Amino acid sequence: MDDLARLSITEASKKLASGEISSLDLVRACKKNIDARNGDLNAYLEVFDDLEEQAKEADARRARGESHPLLGIPLAIKDNILIQGRRVSAASKMLENYTASYDATVIKKLKEAGAVFMGRTNLDEFAMGGSTENSAFGPTRNPHDEARVAGGSSGGSASAVAAGMALGALGTDTGGSIREPASFCGIVGLKPTYGAVSRHGLIAMGSSLDQAGPMVRTLEDAQLLFDTIRGRDLFDSTSIDLTPSTSDLTPKKIGVPRHLLQKGGDEDVLRSFNASLDALKARGAEIVDIELPSAPLALAVYYIIMPAESSTNLARFDGVRYGLSLSGDSLVDDYAKTRAAGFGPEVRRRIMLGTYVLSAGYYDAYYGKATAARAKLREEYNDVLARVDVIATPTVPSPAFKIGEKSDPLSMYLADIFTVTANLTGHPALSVPIAPVARDEKDLPVGIQFTAAHGGESMLFAVGKMVQ
Amino acid sequence: MISKADIEKLAELSRLKLDESEIAGLEKDFSAILEYVGQVSAVTVDGSREAAPQLHNVMRDDVAVQNAPGNARESLLEAFPRREGDYDVVRQIIEK
């Protein structure tokens, strides 16, 4: 392969181990692609200026006998994950000049492994959105068609991996923010089981929904990155230890909720989805129909719980201790001015919505009902996942849409219809590229999503490998 | 479904200063969004399902842990918008 930046992490790791290439070679290959395309794609908000030093340090660690498979591998980091001493903006004016005072646990683990951090990738402001158009610093474009969105909120990470500007990336996923951009950009994205990966040092959006996870090119890479970042953490009391992932499982039964696929989805996406189910069948899997009676409510439930948690989490941005700080006529006016100037329109909308559903008169009607429906949904998923190994749906009902195409917020929210459930139920879910669809004479990537039982990441990697 | 006065009240509760055009836009957005999420009113709440699962206290040993290497305290102080020495300058709350 000519372009080292297009290697999978696993392939690059072998070449590093054999001494065929150095980390410096890999970093320079990625940097070349960044110089060529980041100006157009806007995948990175900042490319770090110490790349060569980082790479040389990794090469020196290898020379001293270290051998972690991620040692010297260039990774892109979504800009809502803290790296000590570096800026972290959440793509918001609120944190434009903020410097992280500590490492997120996932970053600490990647530093121990010896990964090289290429830069901070763009996202929808505070991870709120499905297209990266809500970034305060301009949208990220899709490398497959620059007129289209890269998806979101981890659009910068997806675009960077798809365009050879990093070998892999970290994203975060609150309602599909890893899987949807992975689907739109033709890469693999994993939203781990809730609690599998520490949230310490992630800029919080919906604390009962958020998970960090890998955005990569192969299932082996996803497994490698996941195994490196996961585990119980003193600094996140919701984190858990799962049994180590294995690679010798065989998925036998795949459940498909046909009742959810009947209306509204793109015909070509559905055709591609059905073709990959046929391929799985040919490889020995049994495809069965399943019913998830509460699933049609999932998106409504999500758009109550997520803004409720977001508005609570974002209450901390008051201009007193860090971030943007503006002065008004009074203390309350200081807050209101700072927050109106610091937060973009979508963030303001969700804070307002969260405030509404949590307010005294409406709490029971919205938040109370949503919490009950969420519990019901989790039960239904657990019941089905006791009978099948994985549940399959398209990751998103359509391929990447055009920048500016979805102007009203509700139509944007509807793109999350298949992804939000895994966040509500805490199940792990994976998006894997399948046959693309043609639009405007361009091939646009499509993803298939698999959901497994809690702690069932190994089963996801196994079924993903059957597809890829 | 939701009035201009409701939006203004919410903005006040949310500590957001909004201009007139945004208030008008939110009035429209909120009606559509609330109609959509209002589907949850069909959900019947039975007692057995009310409790969220796996809610239990997670404790750790009561010992000091050094999380960030280097001078984490100083970097937190540096983030203050208005710093005087090791103090964060804030507005007087009780006015004369």
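What's counted below: heavy atoms across the whole structure, side chains too, no hydrogens, waters or symmetry copies. All chains are named by letter (A, B, ...) in the order of the sequence lines, taking the proteins before the strands, and each is independently numbered beginning at 1. Keep in mind that this is a model prediction, so the values were computed, not measured.
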Next item on the list: Let me know if B:L18 has heavy atoms under 4.5 Å from chain A in its side chain, its backbone, both or neither.
Entry: side chain

Note to self: Please identify, among B:V89, B:D29, B:V90, the residue contributing the most non-hydrogen atom pairs under 4.5 Å to chain A.
What the structure shows: B:D29

Check: Where on A:L299 is there a heavy atom nearer than 4.5 Å to chain B: the side chain, the backbone, both, or neither?
Finding: both

Item checked: Closest-packed option against chain B by number of heavy-atom pairs under 4.5 Å, given A:V332, A:D103, A:L353, A:V301 -> A:L353

Margin query: Taking B:K4 first and then B:E8, would you say they form a salt bridge - that is, a charged N and a carboxylate O separated by under 4.0 Å?
Written below: yes

Item checked: chain A contact via B:R82 - side chain, backbone, both or neither, heavy atoms under 4.5 Å -> side chain

Next item on the list: Under 4.5 Å heavy-atom distance to chain A, tell me which part of B:L34 shows up: side chain, backbone, both or neither.
Entry: both

Notebook entry, point to check: What residue in B:V58, B:N71, B:L76 has the most heavy-atom pairs under 4.5 Å with chain A?
Noted result: B:V58

Next item on the list: Could I get the full list of side-chain contact (heavy atoms from CB on, under 4.5 Å) partners for A:T312, not counting sequence neighbours?
Entry: A:L358

Checklist line | Which atoms of A:D334 approach chain B - backbone, side chain, both or neither, heavy atom under 4.5 Å | finding: side chain

Note to self: Please classify the contact between A:A365 and chain B as side chain, backbone, both or neither, with a heavy-atom cut-off of under 4.5 Å.
What the structure shows: backbone

Next item on the list: Below 4.5 Å from any heavy atom of chain A, which atoms of B:L26 appear? Answer side chain, backbone, both or neither.
Entry: side chain

Next item on the list: Tell me, for A:Y356 versus chain B, whether the close heavy atoms (under 4.5 Å) come from the side chain, the backbone, both or neither.
Entry: both

Note to self: Using modelled atom types and a 3.5 Å cut-off, is there a donor and acceptor pairing between side-chain atoms of A:D210 and backbone atoms of A:M205?
What the structure shows: yes

Item checked: Contact origin within A:T99 toward chain B - heavy atom pairs under 4.5 Å -> neither

Item checked: Polar side-chain atom of A:E309 near backbone of A:S208 as donor-acceptor pair, under 3.5 Å -> yes

Check: Considering only heavy atoms, which portion of B:E22 lies under 4.5 Å from any heavy atom of chain A: side chain, backbone, both, or neither?
Finding: side chain

Notebook entry, point to check: Please, which pairs that meet ring-ring contact (aromatic ring centres under 6.0 Å, His included) have at least one residue in residues 325-346 of chain A, sequence neighbours excluded?
Noted result: A:F126-A:F343

Check: Counting only heavy atoms not in B:E84, do more than 12 fall under 6.0 Å of its CD?
Finding: no

Margin query: With a 3.5 Å distance limit and no angle check, can you tell me whether A:R350 reaches the backbone of A:S310 through a side-chain donor-acceptor pair?
Written below: no

